[in-house]
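All heavy atoms count here, side chains included; hydrogens, waters and symmetry mates do not. Below, chain A is the first sequence line, B the second, and so on; all start at residue 1.
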2 protein chains.
Amino acid sequence: MAAKSEQTRQLVADVALKLFREIGFEKTTMRAIAQEAGVSVGNAYYYFASKDELVQELYIQVQDEHAVVAAQALENVQDLAGRLKAVLHTGIDVMTPYHQFGSDFIATAIRPTSPVNPFGEASTAARDASLAIFRSAVEGSSPSVAKKLRDDLPELLWLAYMGVALYWVYDKSEGQRRTRRLIDGAAPLMARGLSLAKIPGVSKVFDDVLGLVRSVKEDPK
Amino acid sequence: MAAKSEQTRQLVADVALKLFREIGFEKTTMRAIAQEAGVSVGNAYYYFASKDELVQELYIQVQDEHAVVAAQALENVQDLAGRLKAVLHTGIDVMTPYHQFGSDFIATAIRPTSPVNPFGEASTAARDASLAIFRSAVEGSSPSVAKKLRDDLPELLWLAYMGVALYWVYDKSEGQRRTRRLIDGAAPLMARGLSLAKIPGVSKVFDDVLGLVRSVKEDPK
DNA sequence: ACCCCGTTTTGAACACGTTCAAGAAAGTGC
DNA sequence: GCACTTTCTTGAACGTGTTCAAAACGGGGT
């Protein structure tokens, strides 16, 4: 019965995520997870090669939830600024239960060897899912975004999202409302900045920026 | 004799930094440092409360060196793009011996509790030193930067520098030449972008960006 | 029933960062 | 020189993430 095995795996993952939320990353020891799940330490390792992989589990789950919630929030919004806000706010929403744990997450995620590294191999799927959210935010907006920007913009917005997430991690204000303000301020500004691409003198700078971004992307070698 | 104590401290720090360079962060265990330095583990901890504090030692040293080298590189360069290049390139220069160790450093640095966190309390001195480098790059440039930008620009450039450093950490190209290309491409673009601030339609967007940046800075509460 | 073999589970063991009670050395006042 | 204090040094011990040889389980084949 493959179901039994899967059941243990899920149990361990669920307990781990629960403990992450309740007592934070550091205090959630592998021993604590095992005990709370009623299995041995070694057994947890049979399903997750490292504590980091449990973080990956969390990452995927949060990402999935973001996709759902963002799609919903995008339904009745047309303008780019509003759509950006929707995606960014929902992004923060789904992460909120893990806020205290955010810095540990980022410290884990930032290692190139980590399965959770957002730029890395192992999280291609999660990153693509996240990118898709931003692509839909861009493509569904009206008035529409300048053609020449449309391809690269989602990736840049995703990068900005990483920045917002970083800001959020450090945000000690009550309910992280500073981050909310940042989003509310930055989203319209980005939309407005992009609309400047039409101005002749500015257009060339935009082209060069895009050229640089392309040349600098992680491509083969 | 206070010198004896200081000598031990230096010895431990020197050995630690040497090992960081030679065998990387993870493989440099506290036991290895102690053994190589000919002291006990506990003794190393008498001078450095944690492995992180040894990283801080490295951070300070690299920062100091950057200040010296950057000042020198700025001597004969007038235009902003060139000055930016100088500061960024020298920044990468001084970090280069530690490249393989970069991701561990960042993972350490990014925790709010870390003494090396660039946004944190404990590294105010180092950050201010770094900010001063960028301020001098901005202030010494001719043609000069628009007045309204002059105050906030150094901080924004420093932030961009953090981004470049992050890119560099992930840069697996030979000698990290992709990062060099990024700097060479981005510096003139930033300078050119800033010159757009004079265009009427653009000016307002700049003002709003600056306003947002100010409102969002880590100020009291 | 029995054995076989792949999957799952166990718990002891390892190396690590870190702590700490205890002792050695160095300094200070007399 | 001697007691006393402060500074420095030691190494064993703790809790952590992780590994691994061995055991238990499960389900086909005979």
Side-chain angles (χ1 to χ4, degrees), chain A residues 1-17 19-20 23-58 101 103-105 107-111 113-117 122, chain B residues 1-17 19-20 22-58 101 103-105 107-111 113-116 122:
Chain A
M1 196 200 319
K4 179 66 194 313
S5 170
E6 186 55 27
Q7 208 172 316
T8 311
R9 196 199 132 91
Q10 265 309 320
L11 175 64
V12 172
D14 288 348
V15 168
L17 265 60
L19 291 181
F20 283 159
I23 63 178
F25 182 69
E26 312 239 283
K27 277 195 264 194
T28 301
T29 67
M30 293 302 287
R31 284 166 181 79
I33 295 170
Q35 180 167 0
E36 180 87 5
V39 301
S40 69
V41 182
N43 200 10
Y45 274 95
Y46 180 75
Y47 292 103
F48 300 94
S50 65
K51 203 179 172 186
D52 283 7
E53 281 199 5
L54 283 165
V55 176
Q56 188 184 21
E57 200 71 13
L58 161 63
F101 155 66
S103 55
D104 300 291
F105 175 72
T108 299
I110 212 150
R111 317 193 107 89
T113 61
S114 164
V116 220
N117 182 309
Chain B
M1 196 200 321
K4 179 67 195 313
S5 171
E6 185 55 28
Q7 207 172 316
T8 311
R9 196 198 132 92
Q10 266 308 321
L11 175 63
V12 172
D14 288 348
V15 168
L17 265 60
L19 291 181
F20 282 160
E22 290 177 359
I23 63 177
F25 182 69
E26 311 237 283
K27 278 195 263 193
T28 301
T29 67
M30 293 303 285
R31 284 167 179 80
I33 295 172
Q35 180 167 0
E36 180 87 5
V39 302
S40 70
V41 182
N43 200 10
Y45 273 94
Y46 181 75
Y47 292 103
F48 300 93
S50 65
K51 201 178 173 185
D52 283 8
E53 281 199 4
L54 282 165
V55 175
Q56 188 183 21
E57 200 70 13
L58 161 64
F101 155 67
S103 55
D104 300 292
F105 174 72
T108 300
I110 212 149
R111 321 192 104 88
T113 61
S114 163
V116 220

Task: Spacing between A:Q35 atom CD and C:dT10 atom P, to the nearest angstrom - done: 13 Å
Open item on the list: Going by side-chain contact (heavy atoms from CB on, under 4.5 Å), name the residues that satisfy it together with A:T29, two or more places apart in sequence or in a different chain.
Closed with: A:R31, A:A32
Task: C:dG17 phosphate, OP1 or OP2, under 4.0 Å from B:S50 side-chain N/O - done: no
- [ ] Starting from the 5' end of DNA chain D, give me the residue, B:G38 or A:F25, whose nearest nucleotide shows up first.
- [x] B:G38
- [ ] Report, as a single string ordered 5' to 3', how protein heavy atoms within less than 4.0 Å touch nucleotides 11-16 of chain D: B base, S sugar-phosphate only, - not at all.
- [x] B-B--B
Open item on the list: If I take atom CD in residue B:Q7 and atom P in nucleotide D:dT9, what distance separates them, rounded to the nearest angstrom?
Closed with: 10 Å
- [ ] Please report, rounded to the nearest Å, how far the C1' atom of C:dT7 is from the CD atom of A:E6.
- [x] 14 Å
Task: Partner residues of B:F25 under the ring-ring contact (aromatic ring centres under 6.0 Å, His included) criterion, sequence neighbours left out - done: B:F20, B:F101
Task: Least distance between heavy atoms, B:A109 atom then B:S114 atom - done: CA-OG, 4.0 Å
Task: Distance, nearest 0.5 Å, that separates OG of A:S40 from CG of A:N43 - done: 4.5 Å
Task: Phosphate OP1/OP2 of D:dC8 contacted by B:Y46 side-chain N/O (<4.0 Å) - done: yes
Task: Candidate pair A:D104 and B:R111, rule side chain to side chain contact (heavy atoms under 4.5 Å, CB included), full reasoning - done: CA-CA 7 Å; A:D104 300 291; B:R111 321 192 104 88; 2.9 Å; yes
Open item on the list: Minimum heavy-atom separation for A:S103 and B:I110, please, with both atom names.
Closed with: O-CG2, 4.4 Å
TODO: Under 4.0 Å from any atom of DNA chain C, heavy atoms only: list the residues of residues 9-17 of chain A that qualify, in numerical order.
DONE: none
Task: B:Q35, CD: over 12 other non-hydrogen atoms inside 6.0 angstrom - done: no
- [ ] Report yes if at least one side-chain N or O of B:Y47 is closer than 4.0 Å to OP1 or OP2 of D:dT9; otherwise report no.
- [x] yes
Task: Pairwise distance CD1(A:I23) to CD(A:E36) - rounded to 0.5 angstrom - done: 8.5 Å
Open item on the list: What is the distance, to the nearest angstrom, from the CD atom on B:E53 to the P atom on C:dG17?
Closed with: 15 Å
- [ ] Determine, stepwise, if the pair B:L54 / B:I33 fulfils side chain to side chain contact (heavy atoms under 4.5 Å, CB included).
- [x] CA-CA 11 Å; B:L54 282 165; B:I33 295 172; 3.9 Å; yes
Check nucleotides 22-24 of chain D for protein N or O atoms closer than 3.5 Å to its own N or O atoms and list the pairs.
none

TODO: Compare every heavy atom of A:V39 with every heavy atom of A:T8, then report the nearest pair and how far apart it is.
DONE: CG2-CG1, 4.3 Å
- [ ] Please determine, for the side chain of A:Y45, which listed nucleotide (D:dT9, C:dG17, D:dG17) has the closest atom?
- [x] D:dG17
Open item on the list: Filter on side chain to side chain donor-acceptor pair (under 3.5 Å), then keep only pairs touching residues 45-58 of chain A, sequence neighbours left out; what's left?
Closed with: A:S5-A:Y47, A:R9-A:E57
